[in-house]
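Some notes on the structure that comes next.
All chains are named by letter (A, B, ...) in the order of the sequence lines, taking the proteins before the strands, and each is independently numbered beginning at 1.
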Amino acid sequence: MSRELAKTYDPKGIEDRLYQKWMDKKYFHAEVDHSKTPFTIVIPPPNITGQLHMGHALDNTMQDILIRYKRMQGYNALWQPGTDHASIATEVKIIEKLKEEGIGKEDLGRDGFLKRAWEWKKEYGGRIIGQLKKLGSSCDWERERFTMDEGCNRAVTEVFCKMHEKGWIYKGSRIINWCPVCNTSISDAEVVYEEQAGHFWHIKYPVIEDDGSVSTTRFVEFATTRPETMLGDTAVAVNPEDERYQDIIGKKLMLPFLNRELPVVADSYVDMEFGTGVVKITPAHDPNDFEVGKRHNLPEINVLNDDATINENGGKFCGMDRYEARGAILKELEEMGLLVRIEDHVHNVGTHDRCKTTVEPMIKQQWFVKMDELIRPAVEAVKSGDIQLIPKRMEKTYFNWTDNIRDWCISRQLWWGHRIPAYYCDKCGEIAVSADAPEKCAKCGHDHLTQDPDTLDTWFSSALWPFSTLGWPDETEDLKYFYPTDVLVTGYDIIFFWVIRMIFSGFEQMGEKPFRTVLFHGLVRDSQGRKMSKSLGNGIDPLEIIEKYGADALRLTLITGNAPGNDMRFYYERVESSRNFANKIWNASRFIMMNMGEPAEEIGEEGLALEPVDKWILSKLNTLIREVTDNMDSFELGIAVQKVYDFIWDEFCDWYIEMVKPRLYNSDDQASKTAALWTLKNVLIDALKLLHPYMPFITEEIFCSLQSQEESIMISDWPSYRQERSFLREETKIETIKEAVRGIRNVRTEMNVSPGRKALVYVVSEKEEIMDTFTEGKLFFASLAGASDVLLQKDKEGIAGDAVSVVISGATLYIPFAELVDIAQETERLKKEEKRLCGELARVNGMLGNERFLSKAPQSKIDEEKGKLEKYTQMLEQVKERLSQLQG
RNA sequence: GGAAGCAUAGCUCAGCUGGGAUGAGCGCUCGCCUGACUAGCGGGAGGCCAUGGGUUCGAGCCCCAUUGCUUCCACCA
C-alpha cells in the first residue's frame with residue numbers, strides 16, 4: 001500500500017467516491033428496530049423547482065450533523081427526505097416556460113397542463129436531491145417522498161374530509177387577498193407589505209336632502225387611496241360620537257356616476273382623529289369595510305373582475321384596468337367639482353410575495369380552516385415546554401401569531417396541487433365532501449356532479465409532512481416507532497407558514513406533537529449583510545463552493561461563528577480558513593502515517609510506556625469529548641466544533657506533535673516511540689470522530705487509510721468520556737512546560753541566534769516540579785526564532801536558581817530567567833501582575849467575607865473560591881519575591 | 001401602531017443561568033521555506049464590552065432610560 005499522499009488535501013473525487021460507498025453500504029437506511037432507540041428528523045422538503053441555495057446548505061448541514069452524531073451514538077437514526085410540489089411556485093414556472101413556447105395555460109386545459117407539470121417534476125424534481133447529496137446529507141433516500149405522491153395525497157384528502165365533517169373546514173364568503181396576475185387567492189401570510197408613495201384623494205359626495213333632491217351645497221368629504229373602489233361603495237361611515245356629523249347620520253348621500261344612494265352609518269370603527277373623520281365603505285373590497293358592512297347589513301358589490309379590470313357593476317368604467325379606471329374617475333370627479341384636493345401620502349401596499357403584484361382585496365367564496373380550537377393544543381405544547389423552541393425567544397414570535405390567528409384560507413385557484421375533494425351537484429348545487437367522487441347527489445339523486453376546481457394551499461400538505469411521510473393515514477410500524485420525530489431544523493422565516501401548522505396538525509391528526517425540539521437558524525446573507533436574492537444577483541452558489549473548496553469546508557463555514565437563530569454573513573475568507581483546517585488535519589494525519597510506516601498491528605493500551613505528554617493530550621482529549629458531547633446535546637453545534645477545531649490545531653498539532661517529534665526521530669527508546677505512536681493515532685482517531693458529523697468526507701478518508709480494518713467512521717462509536725483518562729497532574733505539568741517554552745520564545749528574539757543553527761536549551765531549576773516537566777526527555781519544538789532546531793534538556797551539572805542554558809553552535813550559555821528579559825519590561829509586567837492579583841484577592845476576599853454569598857452560593861462555588869484564594873496568595877508572594885530580586 | 005433582536009479588537013462575530021476579556025476567524029505587523037503542512041510556523045500591536053442611571057460584595061451579562069441599526073407582526077380609510 002502506498003503511503004505517498006499529496007501535500008495538500010484535495011476533496012475532488014474523494015467526496016463523490018465516499019458518498020457512493022456510503023450509499024452502497026446502505027448506511028443511511030433505517031428500519032424499525034425495537035432493540036434501538038429511534039432518532040428522527042424530517043427534512044423541510046425543498047421545492048421541486050428549487051436549486052440548492054445557502055439557506056438549504058445551512059439547514060441540511062445542521063440536520064446532517066445531528067443525524068450523524070446520533071447515529072454514531074447508537075441511535076437508530078432516520079433522516080426522512082422528500083420534496084414539495086410547491087403549487088404556486090411551480091405553476092408560475094411552468095406558465096413562464098409555456099409562454100416561451102407561445103402557449104397559454106388555458107390552451108392546454110387542466111389535464112394537459114398537469115401532464116406538463118408532471119413532466120417538469122420528472123425533469124427537475126431530482127435536481128435538488130442530487131445537490132443535497134453533494135453536500136453529504138445522509139438521508140435515507142430509499143424513503144424519499146413527495147407531497148403529491150399517492151400516500152401524501154391520501155393523507156391530504158383524509159384530513160380535509162375529517163376536518164370538514166368536524167366543521168373545522170368550511171366554505172364561506174370572505175374578503176381574501178386576490179392576485180390578479182397569478183389569478184388566485186392567497187393567504188394572509190403570502191402578502192408582503194411594501195411602502196409606496198401614493199396619494200390621498202379628498203373627494204366629496206353630495207347629500208340627498210329630505211325632499212329627495214341632490215344638494216348642490218351640502219357635501220360630505222373624505223379621503224381615499226383607492227378612488228376606483230368608490231364604484232363599490234354602499235355606505236359612508238362616521239364615528240357615532242363625532243359631533244361634526246351628528247346631523248347627517250341616517251341621511252343619504254349620492255354616489256356619483258352610478259346614482260346609488262349611500263346611507264351614512266355610525267360605526268365606532270371610524271377614527272375621528274384621522275383625516276376628515278369620514279370613511280367610505282366598500283364591503284366587497286376592504287376587510288374592515290366588510291366587517292362594517294356586516295354590522296349594518298350593507299350590500300356587497302364586487303366591481304372587479306379576476307384580472308383586476310372593472311366589471312359590469314362599474315357602469316361606464318366597465319372593462320377598464322383598475323389603474324386606468326382610477327385616472328378616469330379622478331378626471332371626471334374633478335370636472336364635476338367633487339375632487340377637493342390631492343395630498344401626497346406614503347402608505348403600505350399589499351403585494352404578492354411571489355410576483356410582487358399589488359393584491360386586491362376581494363370578496364370571494366373560499367375554503368377556510370377554522371383556527372380557534374385547532375390552535376389550542378399547539379399553544380399549550382409550547383407553553384408547557386412539551387415542544388422546545390431554540391432559541392427560546394422564538395416563542396414570542398410564535399405566540400404573537402397564535403394569539404392573533406385568523407381563519408386560514410386554503411383554497412387556491414390553481415391547477416397544480418391537491419384538488420379539493422368537494423363535489424357540487426349540477427342540478428341542485430348540493431355540496432358533497434368525500435375522498436371518492438359520489439355517484440349521485442345525496443339530496444336530489446342527480447347523477448352528475450362536478451368537482452371543485454380549486455386546489456389546496458401548498459402548506460396544507462406540508463403541515464402533514466411529519467406523519468404523512470411515515471405512512472399516515474395507515475397505522476404503520478414506522479409511524480409507531482419513529483413518530484413523534486425528535487428535531488425539526490428550519491429557518492425562522494417559515495415559523496408561521498409551516499412550523500405552527502405542523503404542530504396543530506400533529507396534535508389534531510396524531511394526538512401527539514410532531515417533534516420535540518425546533519432548532520431555528522437564521523438567514524445566510526452576503527458579505528454586506530444583504531439578503532441573497534436573484535434580483536440583486538448577490539447569491540452565492542453552494543455548489544460552486546463545494547466544487548472549489550469541498551463540502552466539508554462549506555459545512556464547517558456555515559456552522560461556526562454563529563448563534564442559533566441569528567443571521568450570518570457569508571465570507572469567502574471564512575471558507576478558505578475552513579479549507580485550510582481540512583488541510584491541516586490532512587497533513588497531521590500524513591505525518592502520523594509516515595511515522596507509522598506500514599500499517600502496524602494494533603497495539604493495546606495496557607503495557608504502554610505512556611509519558612506525561614501522552615497523558616496530557618489524552619486527558620485534554622477526554623475533557624474535549626465530554627464538552628463536545630454536552631454542547632451537541634444542547635444543540636450548540638457551533639461551539640462544539642469550535643472546540644474540536646482548537647483542540648486539533650492548537651493542542652494536538654502545535655504542541656503535542658511538536659513535543660513528540662524527538663521521540664520519533666531518535667528511536668533509541670523503542671517503548672517511548674511506541675507509546676507516542678499509539679497516542680498520536682488514537683487521539684487523532686477520536687478527534688476525527690468528534691469532527692465527523694461536521695466534516696464527514698475528510699474524516700472518513702483519513703479514518704479509513706489510518707486503519708485498514710475499520711470500514712467506516714460513520715458507523716463507528718462516538719467517543720465517550722473515561723475517568724481513567726483524566727490525568728490532572730500531567731496536565732498541570734505540561735501546561736507549565738508550555739508556559740516556560742513560550743517564555744523562552746519571547747526572550748529568544750533578543751538573543752540573536754543566527755539562522756539555520758541548532759540550539760540546545762538546558763533547563764536548570766531547583767524546583768522539582770519544573771525539573772520533572774523538563775525531564776520528559778528531549779523536547780523538540782520548532783522555530784525558536786532563528787534557531788532551526790532547539791532541544792530542551794535537563795542540565796546535568798545544575799545551577800542554582802531558575803535558569804535556562806542555551807547551546808548555540810557548540811557553545812553553552814546558561815541564562816538565568818531574570819537575565820533573559822528586559823528588566824524594566826519585566827518589572828512592569830510583574831507590577832501589573834501584582835496589581836491584578838491584589839484585585840483578585842480583594843474580589844475573592846470580598847466574596848468569602850460576604851455572609852449572603854456564603855449562605856446562598858453552592859458549596860462547590862465556595863470551595864472553588866477558597867482554592868483561588870490560596871492560589872492567588874501564593875502567586876502574589878512569588879511575584880513579590882521576583883520583584884524584589886529584580887529591584888535588588 | 002405593536003413586538004423582537006443587535007450594539008464587544010480594523011472587519012465579521014463568539015462569550016452558557018452575573019464571578020478573572022490568555023475570546024475566535026480574517027485583516028494588520030515583525031521574524032521564519034524548522035524533515036506533516038507557506039492552505040504553514042513563531043512573536044506582536046489593536047477593546048473605558050453603544051450612552052446615562054440603578055440593583056449587587058461584584059455587571060459585557062440583570063433592571064430602567066437614551067441613541068443608532070436590523071427584523072417580524074398589524075395595517076387606519
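Side-chain contact between A:F222 and A:V279 is absent, with no heavy-atom pair separated by less than 4.5 Å. Counting heavy atoms from C-beta outward, A:E731 and A:K620 have side chains that approach closer than 4.5 Å. Between A:H199 and A:H345 the shortest side-chain heavy-atom distance does not fall below 4.5 Å. Between A:V575 and A:K548 the shortest side-chain heavy-atom distance does not fall below 4.5 Å. Considering only heavy atoms from C-beta on, A:L231 comes within 4.5 Å of A:I329 through its side chain. The shortest side-chain heavy-atom distance between A:I375 and A:I500 falls under the 4.5 Å cut-off. Counting only heavy atoms from C-beta outward, the side chains of A:I657 and A:K661 approach each other to under 4.5 Å. Between A:I617 and A:E651 the shortest side-chain heavy-atom distance falls below 4.5 Å.
Between the side chain of A:T402 and the main chain of A:V379, no donor-acceptor pair closer than 3.5 Å is present. The backbone N or O of A:S187 lies less than 3.5 Å from a partner atom in the side chain of A:E190, making a donor-acceptor pair. Within the 3.5 Å criterion, the main-chain N or O of A:V192 finds a donor-acceptor partner in the side chain of A:T351. A donor-acceptor distance shorter than 3.5 angstrom exists from the side chain of A:D407 to the backbone of A:M371, with no hydrogens or angles considered. The backbone N or O of A:F200 lies less than 3.5 Å from no partner atom in the side chain of A:H347, so there is not a single donor-acceptor pair. Here the side chain of A:N239 pairs no donor or acceptor atom with the backbone of A:D271 at under 3.5 angstrom. In this structure, the side chain of A:H202 does not engage the main chain of A:I342 through any donor-acceptor pair within 3.5 Å. No side-chain donor-acceptor contact under 3.5 Å links A:Y571 to the backbone of A:E576. No side-chain donor-acceptor contact under 3.5 Å links A:D233 to the backbone of A:K280. Counting only distance, with no hydrogens or angles, the side chain of A:N587 and the backbone of A:N583 share a donor-acceptor pair below 3.5 Å.
Toward the 5' end of RNA chain B, the nearer of the two residues A:M272 and A:W401, judged by each one's closest nucleotide, is A:W401.
If you measure from atom CG of A:D271 to atom C1' of B:G1, you get 12 Å, rounded to the nearest angstrom. Straight-line distance from the CD1 atom of A:I592 to the C1' atom of B:G35: 16 Å, rounded to whole Å. In this structure, the NE2 atom of A:H347 is 15 Å from the P atom of B:C75, given to the nearest Å. Atoms CD1 (A:I585) and P (B:A39) sit 17 Å apart, rounded to a whole Å. Between A:W649 atom CH2 and B:U38 atom C1' the separation is 12 Å, expressed in whole Å. At whole-Å resolution of the value, CZ in A:R590 and P in B:A39 are 13 Å apart. Remark: P of B:C73 and CG of A:N404 are 12 Å apart, rounded to the nearest angstrom. For A:F591 and B:G35, the CZ to P distance is 12 Å, given to the nearest whole Å.
Within 4.0 Å (heavy atoms only), A:W201 reaches no atom of the nucleic acid at all. Looking at heavy-atom distances under 4.0 Å, A:F274 makes contact with a base. In this structure, A:F496 reaches the sugar-phosphate backbone alone: every heavy-atom distance under 4.0 Å involves primed, P, OP1 or OP2 atoms, never a base. Within 4.0 Å (heavy atoms only), A:T224 reaches sugar-phosphate atoms of the nucleic acid but no base atom. Note on A:F581: nothing from the nucleic acid sits closer than 4.0 angstrom, heavy atoms only.
B:C16 and B:C63: their P atoms are spaced 14 Å apart (whole Å). The same atom, C1', is picked in B:A59 and in B:U8; the two are 14 Å apart, to the nearest Å. Taking atom C1' in both B:G15 and B:G35, the straight-line distance is 40 Å, to the nearest Å. Spacing of P atoms, B:U38 relative to B:C61, comes out at 45 Å, to the nearest Å. Rounded to the nearest Å, the gap between the C1' atom of B:C48 and that of B:A3 is 33 Å. Separating the P atom of B:C41 from that of B:G27 is a span of 13 Å, rounded to the nearest Å. Separating the P atom of B:A45 from that of B:A24 is a span of 13 Å, rounded to the nearest Å. Here, B:G52 and B:A14 have their C1' atoms 27 Å apart, quoted to the whole Å.
Within residues 283-291 of chain A, the residues having any heavy atom closer than 4.0 Å to RNA chain B are, in order of number, A:D286, A:N288. Using a 4.0 Å cut-off on heavy atoms, the residues of residues 392-399 of chain A that approach RNA chain B are A:R393, A:K396, listed by number.
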Heteroatom pairs (N/O) under 3.5 angstrom, protein to nucleotides 13-16 of chain B:
unit_1: B:C13; atom_1: O2'; unit_2: A:G561; atom_2: O; d: 2.8
unit_1: B:A14; atom_1: OP1; unit_2: A:N566; atom_2: ND2; d: 2.8

Name the pairs: protein N/O against N/O of nucleotides 60-64 of chain B, kept only if under 3.5 Å.
none

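Between A:K584 and B:C41, a side-chain N or O to OP1/OP2 separation shorter than 4.0 Å is present. Contact annotation: A:K7 side-chain N/O to B:C37 OP1/OP2 distance is under 4.0 Å.
Distance from the side chain of A:N400 is smallest for B:G2 among the nucleotides B:C37, B:G2, B:U12. Of the listed nucleotides (B:C75, B:A74, B:C11), B:C75 has the atom at the smallest distance from the side chain of A:R406. Candidate nucleotides B:A36, B:A77, B:A74 were compared by shortest atom distance to the side chain of A:Y269, and B:A77 ranks first.
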- prompt: Dot-bracket, RNA chain B: Watson-Crick or G-U, under 3.5 angstrom, [ ] crossing, | other strand?
  reply: (((((((..((((.....[...)))).(((((.......))))).....(((((..]....))))))))))))....
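Surrounding CZ of A:R406 are at most 12 heavy atoms belonging to other residues, nucleotides or ligands under 6.0 Å away.
The existence of a salt bridge linking A:E360 and A:R226 is confirmed by a sub-4.0 Å separation between a basic side-chain nitrogen and an acidic carboxylate oxygen.
On a pure distance criterion of 3.5 Å, no polar donor-acceptor pair joins the side chain of A:N583 and the base of B:C37.
Nucleotide B:G25 carries an anti base; the chi torsion (O4'-C1'-N9-C4 or O4'-C1'-N1-C2) is more than 90° from 0.
Using bins of under 30°, 30° to 60° and over 60° for the plane-to-plane angle, the ring pair A:Y549/A:Y572 lands in the tilted bin.
No hydrogens or angles considered: a donor-acceptor pair under 3.5 Å links the side chains of A:T560 and A:R574.
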query: For every nucleotide of nucleotides 21-29 of chain B, 5' to 3': is a protein heavy atom under 4.0 Å from its base (B), only from its sugar-phosphate (S), or from neither (-)?
result: ---SSS---
